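Read through the structure below, which is laid out as structure tokens, and then see the notes.
Bear in mind that the values here come from a model prediction, so they are computed numbers and not experimental data.
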Amino acid sequence: MRLDQSQDAEGPPTLCDLCLAQVCQSLSSLCSMRADGSMSLIWAPVFPQETADQLLNHMAAKEILNDTTVGIFRSCKELRLRRASIQSCPLSAEAFRLALCPHRLLELDASWVSGGLTGADIVSGLASNPECRSSLQRLSLSGLRLDWESLEANGGIHVGFSSLRGLRMLNLANTDLNDAALEDICNLPHLETLDISCSAISKLTALLECKNTLRSLIAHRQRHLDMSPAQLLFVFSQLHALKHLDFSEDHFSVDDSDGRDGDETVRQLLEGSPQVLPSLVSLDISGRKRISEAAIRSFVESRSGLVFLGLLATGVSSCDFFSTQKSLKVTGEADENQVCEALRRYRDRECFIREALVHLYSLTTDTDKPQPDVLKLVVSGMQRHPTSLQIHLVATACVFNLTTQDLAQAMPISLLSSTVTQLLNTMKNFPNHQQVQKNCLLALCSDYILQEVPFDKLVYFPYLAAMLVINWLSSHEDPTLQRMAVAVISILVAKLSTEEMAQFSKDIFIMKQLLAIVQQKAMVGVVDSTLKFALSALWNLTDEMPVAARNFIECRGLELYEEVLESYYTEPSIQQKVLGLLNNIAEVEELQADLMEEDILEHILSLLQDSQVDVGVRYFAGGILAHLASRPDAWTLENELRSTVLKQLHDSIMTWTHLEREMVSYRSFHPFCPLLQTCQPAGVQLWAVWAIHLVCTQNTSHYSSMLEKEGLTELLKALAAHPSTHSDIKGLSDSVLSMVEQHQIHAGAFNNQTAPQRS
């Protein structure tokens, strides 16, 4: 028996996603192993080309792409790759050479790969395939060491970027790119887009070699540049095909003396001749200093084709002039549109994401409009920067602003799922930062999120989430955080599968933590949500879990609960949760002896008999007494008390009114089987049948199927047919059996209507 916690399921994934997920999950059974330890598909059809790309990308996203699994792509005839992403995957140079280099690739994203694979390994491997030399158009090596020296030291031939003659886009941000390599790159005949952000380049003069083809230059945070403003401006002025220029700076890591030449270059560009970069359609100078509104106005007015201007952290994004430029997108902090544009464009730049989130927090503090697109941007920023405390500190506060009160109900369930997953990841990554933890709990502590989000679809299953929160709870005593943590645990515990609950219930530490909260509240007689959530969690934790029930007794929970029953005699919501847990103990035969104490049973009996007591309280009191009285051989108290219990059970139950609200749910009806035997006293039988009738009327479909599956319909039929069965019990049994029969008829009719027809 447990507290009722219902939820709706998330919509289905696409058929393609399901198929790819199944292949990923079944790789070990679909493959044989080569002598070198790599996988090879035992058999495979010729995949549609796009599907092969999707499979590789799916494996990378699921973090299962490595030296072993990438071996399946050595089958170039069946799995033909064109647009490959191995971002952040652990691959060695040999595995990369054997699996990916034989393909006629058009695009390759190898950003931030680990496993020892260097940029030099990738370039030389791709260049070893004559088809790749001409076919490859887009290459991203962001975050890698190029390391030409190691390649040559190991006997490899230095093959430069210029050997990949078809390249149009090259991303070398956050690499050790130097001047010599840039000179080689600028010999590419079709180079249109180049990203050299955060590299070791000191001169940009080599760019003059591709001045007629280069359309986009991204040069964020060029800390090693050794060129005067005049020299820089000359190079820019000669890039005749350039339409996109990013010369932004990390404003957090630059002091007043740093970056002055870059700032001065930007000032001269803005204030200079319109003949310099006249065809520019986007300019990003975020993070730059000493920019005037007048210069911005003049620059924009002289370039009618400009559609984007990056001005975050420059101090001039609130210029009134922008209100007249409807077609111009701006990143800045003046309004929500500018901030969201920054979150979209700067996903990989921690400095700008931090800045944008600070302003977004201020802009969303009192929002009453659901903004799923904005929430998605915030979660994306958290995912992209998992180790940045500054980002997660502000981002979690933004998540709370965007999901508080009724706002979450307007969000797609899939978005809330990814949001909850990210919040739990954040709690795990920053366990000792109290404000981050508080922000996460504030966002999670939402009835809608905890009830409606399908946790079983998350990276974090309810078990891992509950363990994460319970471990945090053990080291924090802040009342507000405690209340939120207990609320989260209470609802998560109700979502655990039977297997997860069995694992969870073995940990006596969890029981001690929750009982300590109950005792703390009971000592001062407080009735608050923290106490109620703790009692609910304990109730669900012991549902058909003998180990948890034993832990409860060993932690002196019975003594505590007896005190709570007496102290909170006017609080039905508290009494129901206490008696619900005692029901769970009474269902366990080997623990029934622990409940055989005259004082507590007489108190429970008084609750059963009192017509002024809430029916829900009387229901749970009756359940405890029914289970204990069902085994005469185990009854260790006076027989007269048992006789009184049996009589009062029957008399009391017949006065109960039907309950409309759902107050209880059952994992199974197994605990009812002993109570429904024809040899049981009428009072025991009546309570069990009344309980089954209650839940069946409230959720006929679910419980009718459960009755059939677990064989209880046969017990009810036997009970209804037995000559000594009381008429009250026969009537309720027949009513339940009628509901089951009606459900079967309706289910059969539905299946007939929806079944495919044969011609």
Side-chain angles (χ1 to χ4, degrees), residues 1-5 424 427 431-432 434 437-447 450-451 462-496 501 504-543 545 547-585 620:
M1 176 185 295
R2 57 179 174 159
L3 185 66
D4 181 68
Q5 306 274 7
L424 293 169
M427 290 186 73
N432 300 318
Q434 182 155 323
Q437 298 287 326
K438 183 174 183 178
N439 291 350
C440 291
L441 288 171
L442 277 167
L444 286 171
C445 194
S446 155
D447 284 346
L450 291 171
Q451 296 287 8
Y463 173 77
L464 297 178
M467 285 300 299
L468 186 63
V469 179
I470 200 80
N471 287 332
W472 179 88
L473 184 63
S474 66
S475 56
H476 295 80
E477 296 182 358
D478 181 282
T480 303
L481 298 183
Q482 184 187 73
R483 177 185 63 79
M484 293 187 292
V486 174
V488 172
I489 292 167
S490 172
I491 296 176
L492 290 178
V493 166
K495 293 174 177 284
L496 295 178
M501 183 68 87
F504 198 70
S505 65
K506 292 177 183 177
D507 195 340
I508 200 168
F509 168 75
I510 297 167
M511 187 67 67
K512 288 179 177 178
Q513 289 296 314
L514 293 172
L515 284 173
I517 291 170
V518 174
Q519 185 170 33
Q520 173 190 337
K521 298 295 180 180
M523 285 176 62
V524 291
V526 170
V527 179
D528 62 9
S529 57
T530 303
L531 174 61
K532 292 179 181 180
F533 280 126
L535 292 172
S536 296
L538 287 163
W539 182 2
N540 287 320
L541 189 60
T542 54
D543 178 34
M545 289 295 149
V547 173
R550 168 58 65 191
N551 286 344
F552 176 84
I553 293 171
E554 290 180 358
C555 292
R556 302 187 65 80
L558 278 178
E559 293 86 340
L560 174 60
Y561 268 42
E562 187 174 358
E563 293 176 10
V564 172
L565 266 182
E566 294 174 356
S567 303
Y568 292 88
Y569 63 91
T570 60
E571 296 290 341
S573 62
I574 302 297
Q575 288 183 312
Q576 282 187 31
K577 299 177 194 303
V578 170
L579 293 170
L581 183 143
L582 297 182
N583 261 275
N584 292 341
I585 294 176
F620 292 116

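- Between Q437 and P431 the shortest heavy-atom distance is NE2-CA, 3.3 Å.
- Side-chain contact between M427 and L441 is present, with heavy atoms from C-beta onward closer than 4.5 Å.
- One finds the NZ atom of K577 at 10.0 Å from the OH atom of Y561 (value rounded to the nearest 0.5 Å).
- Between V527 and K532 the shortest side-chain heavy-atom distance falls below 4.5 Å.
- In terms of modelled atom types and a separation under 3.5 Å, the side chain of Q576 and the main chain of F620 share no donor-acceptor contact.
- In this structure, the side chains of N551 and T542 stay at 4.5 Å or more apart for every pair of heavy atoms.
- What you find for A534 and V518 is that their closest heavy atoms are CB-CG2, 3.9 Å.
- Note that the CD atom of Q520 and the CG atom of L515 stand 12.5 Å from one another [nearest 0.5 Å].
- We find the CG-CZ distance between D528 and F533 to be 10.0 Å, quoted to the nearest 0.5 Å.
- Between L535 and L581 the shortest side-chain heavy-atom distance does not fall below 4.5 Å.
- Exactly one of V486, I517, V564, I574 qualifies for a side-chain contact (heavy atoms from CB on, under 4.5 Å) with L531. That residue is I574.
- Between W539 and F552, the gap from one ring centroid to the other reaches at least 6.0 Å.
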Could you walk me through whether L541 and F504 pass side chain to side chain contact (heavy atoms under 4.5 Å, CB included), step by step?
CA-CA 8 Å; L541 189 60; F504 198 70; 3.2 Å; yes
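- The shortest non-hydrogen separation linking Y568 to K521 is OH-O, 3.5 Å.
- Note that the CD atom of Q519 and the CD atom of E559 stand 10.5 Å from one another [nearest 0.5 Å].
- Using a 4.5 Å heavy-atom threshold, the side chains of C555 and I508 count as touching.
- Within the model, atoms CG of N540 and OG of S505 stand 12.5 Å from one another, a figure rounded to the nearest 0.5 Å.
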L558 and L582: CA distance, side-chain angles, deciding distance, side chain to side chain contact (heavy atoms under 4.5 Å, CB included) verdict
CA-CA 8 Å; L558 278 178; L582 297 182; 3.6 Å; yes
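- Taking the side chain as every heavy atom from C-beta outward, M511 and L538 approach each other to under 4.5 Å.
- Two residues are said to be in side-chain contact when any heavy atoms from C-beta on lie closer than 4.5 Å; L579 and L565 meet this criterion.
- The main-chain N or O of E563 is found under 3.5 Å from a side-chain atom of S567 such that the two form a donor-acceptor pair.
- Of all non-hydrogen atoms in K506 and V547, the two that sit nearest each other are CA-CG1, 4.0 Å.
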